[in-house]
Amino acid sequence: MQGYVDCHCHISSKDFDKDLEEVVESSKQAGVLAILAVAEHAGEFEKIIELSQRFPGFIFPCLGVHPVQEVSPEQQRGASLQDLDAALPLIEKYKDQLVAIGEVGLDFTPRFVRGETDKDVQRKVLIRDLITLASINSQGKPHCLVSSNEFRLWCSFSGSACRRAAASGSSSRRQIHWLIAIVL
Ligand SMILES: [Zn+2]
């Protein structure tokens with residue numbers, strides 16, 4: 001079977017609420033075999049799990065703490081340890097259903113971080129995400145897409161980073177957003 005896997009999709013965004021069925025159907029018709037639904041914050045984790053249950057075998061859930069958190073449509077900030085505290089219990093709760101920890105990463109874009117302290121917090125959040133990933137891996141992953149115990153790291157650079165790199169002709173060193181697979 002040939003097709004595409006969208007390994008970085010914010011399908012839980014309210015932007016898709018009105019025509020989700022249509023989006024899923026048109027994706028399938030375009031050759032998309034699976035969508036990995038990535039999270040930004042704990043507030044959407046349940047919705048992502050529900051979407052994976054509503055579209056089994058097509059939408060696969062990934063939970064994580066995005067490096068940039070939205071305060072309002074006009075205001076964003078770097079991820080905090082409180083964001084992580086809210087996320088970890090739900091990641092633990094749903095760990096057997098996850099195909100990845102994501103979206104996670106670092107984003108030091110000046111408007112999101114006020115200084116070195118904010119950068120350190122983002123690093124701590126990312127490290128804790130990675131520890132959580134390692135913990136889940138060490139427990140064995142029952143929902144392997146491929147029968148293998150191999151640990152793989154998927155890097156999925158954000159569209160904004162890609163656009164910036166393309167525009168500037170060089171790679172962005174301020175943004176690294178990852179989707180980290182557990183066991184595939
Ligand atoms: Zn993203």
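When a ligand or atom number is given, it counts from 1 through the structure's own listing order. Remember, predicted model here, so these are calculated numbers, not experimental data. Note: hydrogens, waters and symmetry copies are ignored here, and every other heavy atom, side chains too, is used.
- Distances from the Zn ion (ligand 1) show that E40 has no N/O/S atom below 2.8 Å.
- For D83 and R77, the salt-bridge test passes: some basic side-chain N is under 4.0 Å from an acidic carboxylate O.
- The residues K14 and E44 are annotated as not salt-bridged, no charged nitrogen and carboxylate oxygen being separated by less than 4.0 angstrom.
- Here the Zn ion (ligand 1) is the vertex; the OE1 atom in E103 and the NE2 atom in H8 give an angle of 90° (to 10°).
- Residues meeting the salt bridge (Lys or Arg N to Asp or Glu O under 4.0 Å) test with E74, sequence neighbours left out: none.
- Remark: D15 pairs with no residue by the salt bridge (Lys or Arg N to Asp or Glu O under 4.0 Å) rule, at least two apart or across chains.
- Among the backbone and side-chain atoms of H66, none of the N, O or S atoms lies under 2.8 Å from the Zn ion (ligand 1).
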